[in-house]
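These notes concern the structure reproduced below.
One is the number of the first residue; the rest follow in order along the sequence. Note: hydrogens, waters and symmetry copies are ignored here, and every other heavy atom, side chains too, is used.
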Amino acid sequence: MARHAHLTDRLDRTHRLEVDWTACQGHGLCAELLPEHITLDEWGYPLLGEAPLPPTTLKRARRAAADCPVLALKLATAQGS
């Protein structure tokens, strides 16, 4: 039973992107890797949607966070309600 509880716990999590604004330098790579979730403002800084990321996007979101030149993009998890 503990195994099923762990699986249910993982399925209830939502994922979203966060930017460390003190680190971000506006390179724009994140928007190239996730154009359906990140757009750029007029200075090249990311604009993120408020909606949680769908599970089908998580692999690409992890790559975008890892590939950020200054590691300013983070993939955050939160427990669903």
* When rounded to the nearest 0.5 angstrom, what is the spacing between CZ in R62 and OG1 in T57? -> 11.0 Å
* Sub-4.5 Å side-chain heavy-atom contact between P46 and H37 -> no
* What pairs with E50 under salt bridge (charged side-chain N to carboxylate O under 4.0 Å, His left out), at least two apart in sequence or on another chain? -> none
* **Shortest non-hydrogen contact between H27 and Q25, atoms and distance** => NE2-OE1, 3.3 Å
* Any chance you could pull the hydrophobic cluster mates of L34, using side-chain heavy atoms under 4.5 angstrom and chaining through other members? => L17, V19, W21, I38, W43, Y45, L48, L53, L58, L73, L75
* **Flag if over 12 foreign heavy atoms under 6.0 Å of CZ, R60** => yes
* To do: Please step through side-chain contact (heavy atoms from CB on, under 4.5 Å) for the pair D67 and L33, ending with a clear verdict.
  => CA-CA 9 Å; D67 288 353; L33 295 173; 4.0 Å; yes
* Measuring from L47:CG to D41:CG, what's the distance to the nearest 0.5 Å? -> 5.0 Å
* **C24 side, atom SG; L71 side, atom CG - distance, nearest 0.5 Å** => 11.5 Å
